[in-house]
Amino acid sequence: MNKTFCCVLALLALIAGPAASQDQAADLAYYKERVKTLASDEFGGRKPLSPYEEKTIHYIADEFKKVGLRPANGDSYFQPVLEVATFTRPKGDKICVRGKKESFDLRFSDDVVVWTNRRAERVQIPTTPYVFCGFGINAPEYDWNDYEGVDVRGKIVLVLVNDPGFYDDQLFRGKNMTYYGRWTYKFEEALRQGAAGCLVIHETAAASYGWDVCQSSYTQTNIALCSENKNADDLAMKGWIANDAFRRLMAASGRDADQAIAAAKRSGFQAFEMDARSQVTLNVRAQIGESHNVAGILPGTDLADEYLVCTAHWDHFGIGTPIDGDSIYNGASDNASGVAALMLLARKFQSLPQGPRRSIVFVAVTSEECGLLGSQYYCEHPLYPLSRTAANLNFDGVAPRERTRDVILSGAGKTDTDHLVVALATAQGRVVKARTQDPGGSYFRSDHFNFVKKGVPAILVSGGNDYVDKARHEAKPKVYRYHQPNDEYDESWWDFDGTMEDLNLLFAIGLSIANEDEMPRWTKESEFQRQPDK
């Protein structure tokens with residue numbers, strides 16, 4: 001164990017205990033105030049390209065400046081991200097289906113949520129059949145191709161959410177979802193196959209969230225990165241279809257949904273064109289505008305031309321469909337808590353008596369909720385070379401958390417940093433548990449994954465489930481808040497003890513990476529490896 005690592009352990013030993021020192025109390029007060037501010041109604045739910053974006057990004061930039069970070073993009077804290085925002089509705093709020101057995105309407109929001117990323121006032125799909133393509137996966141390494149032997153060009157494909165391993169542990173990676181299970185992949189593959197549209201069939205367990213999340217996430221303005229041709233080459237229609245609506249569509253075409261789904265879960269499935277078709281007209285209100293990542297840098301010392309990049313997304317869903325009279329989707333946990341963590345860690349790194357060897361870049365990224373767009377843009381247009389980026393630490397939904405005796409490590413075995421996490425967690429008196437099952441695909445669902453795809457190691461650590469005060473945990477209200485207006489800052493039930501302990505651990509991990517002689521490496525077993533700069 002080198003001298004740098006021993007110093008980090010000594011530092012962690014001072015800050016890891018449950019009894020807060022004066023500095024810890026100051027950290028907590030600072031953190032709580034930033035979460036409370038960003039999650040207030042004054043910030044309007046922080047929707048990108050909305051009137052509240054400017055207020056949000058300038059607040060973050062001002063905080064970065066106050067804690068001593070320098071602008072990371074030349075003399076600016078802002079990295080512009082060109083995006084197109086589309087408000088999409090099918091004509092008459094419905095899609096008419098003409099089937100072999102019956103004709104009926106797919107009602108917008110109740111049966112389907114659909115959108116387009118094309119910059120156009122109207123997007124049309126001429127009368128075309130639906131094609132059931134199983135999971136919509138083309139994965140040669142798993143000897144699986146749902147598109148083999150079927151022509152989907154110009155048609156609307158229907159695909160199951162998740163991947164076959166969710167239903168059969170012998171397929172793919174079992175309960176550990178692969179990227180093939182993500183809805184973003186489904187759209188990407190449908191586009192490569194030449195489809196006109198793609199509807200993902202919702203199923204609560206396989207998606208890991210209910211239909212209400214689809215409704216709250218995609219019925220307002222949808223945002224995408226804007227290409228040079230204004231996304232004219234993108235799918236004409238993307239969307240989700242409710243399970244009951246899919247079954248009715250199957251029945252209308254003279255097919256049995258249960259039989260089709262069962263066949264799709266087995267190797268050798270053959271996709272088929274259904275005897276049901278639709279003509280789709282999407283009415284669109286679109287605007288192109290600049291959103292922004294907010295980036296500050298703490299320059300390093302002797303390894304200043306190498307970087308640790310810390311990220312958190314600043315966006316949420318803005319003002320949308322009211323639920324129980326509340327229309328502001330404040331996003332307190334998701335993700336005012338993560339942005340406040342960036343600010344706190346920047347403050348802690350800045351206050352060290354000796355600065356870190358590597359430079360540390362703090363990036364509050366835009367449009368995570370729209371498909372990880374801000375981090376995608378950063379990784380495609382990095383402010384600092386990714387080949388010299390040691391690692392990414394991402395903060396997403398880090399509060400409220402209660403203290404736990406365990407730490408969850410996602411992506412265990414992918415990088416050579418597992419021993420570092422174990423040592424630092426042990427110094428806190430905690431046990432590291434590797435996430436062995438990830439049916440919801442959390443590894444692919446936040447901004448770190450764009451760094452991973454470009455070959456930058458990401459370290460994913462969070463508090464576990466072995467609560468120190470189980471009675472206290474069980475007495476708390478169990479209310480669903482994910483992507484809902486009630487994700488609000490509420491001191492009556494929010495707990496910060498575990499949050500601060502987790503952030504102390506992540507601070508120590510970051511400090512160790514910033515000071516180690518060598519950058520983290522991917523293991524030979526990992527499907528990801530470092531890439532040279534283009």
Side-chain angles (χ1 to χ4, degrees), residues 44-45 47-51 83-98 103-128 130 154-158 183-184 186-187 190-191 195-202 210-226 230-246 248-249 252 276-289 315-323 327-329 367 369-371 373 483-485:
K47 180 84 171 181
L49 302 182
S50 76
E83 296 181 332
V84 57
T86 56
F87 181 85
T88 308
R89 288 292 185 271
K91 183 178 179 182
D93 279 343
K94 62 185 179 182
I95 296 175
C96 301
V97 176
R98 292 184 177 181
S103 297
F104 69 99
D105 295 335
L106 293 171
R107 298 162 298 165
F108 181 78
S109 181
D110 291 333
D111 298 323
V112 290
V113 290
V114 295
W115 66 94
T116 185
N117 292 329
R118 295 184 180 182
R119 171 65 169 86
E121 293 184 359
R122 180 171 294 175
V123 174
Q124 293 184 306
I125 301 176
T127 301
T128 190
Y130 293 87
K155 301 169 186 176
I156 301 171
V157 299
L158 298 162
W183 54 266
T184 49
K186 315 284 187 179
F187 296 146
L191 179 63
C198 178
L199 297 178
V200 180
I201 302 158
H202 179 266
W211 181 249
D212 59 327
V213 173
C214 295
Q215 291 174 312
S216 64
S217 301
Y218 304 110
T219 56
Q220 302 301 318
T221 301
N222 290 281
I223 295 173
L225 296 182
C226 188
K230 302 177 182 178
N231 298 344
D233 296 331
D234 201 0
L235 286 174
M237 179 178 71
K238 301 178 180 181
W240 290 78
I241 182 169
N243 200 284
D244 288 344
F246 163 70
R248 187 176 182 187
L249 183 55
R277 54 189 61 227
S278 291
Q279 179 188 45
V280 179
T281 299
L282 301 178
N283 294 319
V284 187
R285 295 203 307 268
Q287 69 176 86
I288 294 175
D315 63 301
H316 204 240
F317 290 99
I319 299 174
T321 303
I323 297 178
S327 62
I328 300 179
Y329 289 66
S367 305
E369 302 291 4
C370 310
L373 303 183
H483 288 184
Q484 304 298 305

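In what follows, residues are counted from 1 in the order of the sequence shown. Atom set for the values below is all heavy atoms of this structure, side chains included, hydrogens, waters and symmetry mates excluded. Bear in mind the structure is a predicted one, so any value in this text is a computation, not a measurement.
Annotation: side chain of N117 is in contact with side chain of K238 (closest heavy-atom distance under 4.5 Å). Within the 4.5 Å cutoff, the side chain of I201 has heavy atoms near those of the N243 side chain. Counting heavy atoms from C-beta on, the side chains of P48 and E83 come closer than 4.5 Å. Contact check for T281 versus Q124: side-chain heavy atoms found under the 4.5 Å cut-off. For the pair L249 and F104, the minimum side-chain heavy-atom distance is below 4.5 Å.
Heavy atoms only, all atoms of each residue included: W183 and G371 are closest at CH2-CA, 4.5 Å. For T116 against A236, the heavy-atom pair with the smallest separation is OG1-O, 3.0 Å. Between W115 and G239 the shortest heavy-atom distance is CZ3-CA, 3.5 Å. The heavy-atom pair separating S367 from I223 by the smallest distance is OG-CG2, 4.1 Å. Closest of all the heavy-atom pairs between P90 and V114 is CD-CG2, 4.0 Å. Contact between A85 and T221 at its shortest, heavy atoms only, is CB-CG2, 3.6 Å.
Every residue was checked against the salt bridge (Lys or Arg N to Asp or Glu O under 4.0 Å) condition with R122, not counting sequence neighbours, and none meets it. For K47, the salt bridge (Lys or Arg N to Asp or Glu O under 4.0 Å) criterion is met by no residue, not counting sequence neighbours. Residues passing the side-chain hydrogen bond (donor to acceptor under 3.5 Å, both in side chains) test with D105: none are found, sequence neighbours excluded. Qualifying ring pair (Phe, Tyr, Trp, His ring centres under 6.0 Å) partners for Y130, counting only residues two or more places apart in sequence or in other chains: none. Applying the salt bridge (Lys or Arg N to Asp or Glu O under 4.0 Å) criterion to K186, with sequence neighbours excluded, gives no partner residue.
Between L49 atom CG and I288 atom CD1 the span is 10.5 Å, to the nearest 0.5 Å. Between the CZ atom of F317 and the OH atom of Y218 there is a distance of 7.0 Å, given to the nearest 0.5 Å. Atom OG of residue S109 and atom CH2 of residue W240 lie 14.5 Å apart, to the nearest 0.5 angstrom. Distance CG/L199 to CD1/I95: 6.5 Å, rounded to 0.5 Å. To the nearest 0.5 Å, atom CD1 of residue I156 and atom CD1 of residue I125 are 4.5 Å apart. Here the straight-line distance linking atom CZ of R98 with atom OG1 of T127 works out to 7.0 Å at 0.5 Å rounding.
With hydrogens and angles disregarded, a donor-acceptor distance shorter than 3.5 Å links the side chain of N231 to the backbone of L225. At least one donor-acceptor pair under 3.5 Å links the side chain of S216 to the backbone N or O of H483.
In the model, T321 has a side-chain atom that pairs as donor or acceptor with a side-chain atom of Q220 under 3.5 Å.
Each side chain to side chain donor-acceptor pair (under 3.5 Å) pair with one or both residues in residues 87-96, not counting sequence neighbours, would appear here, but there are none.
Screening V200, V157, D234 for a side chain to side chain contact (heavy atoms under 4.5 Å, CB included) involving F187 leaves a single residue, V200.
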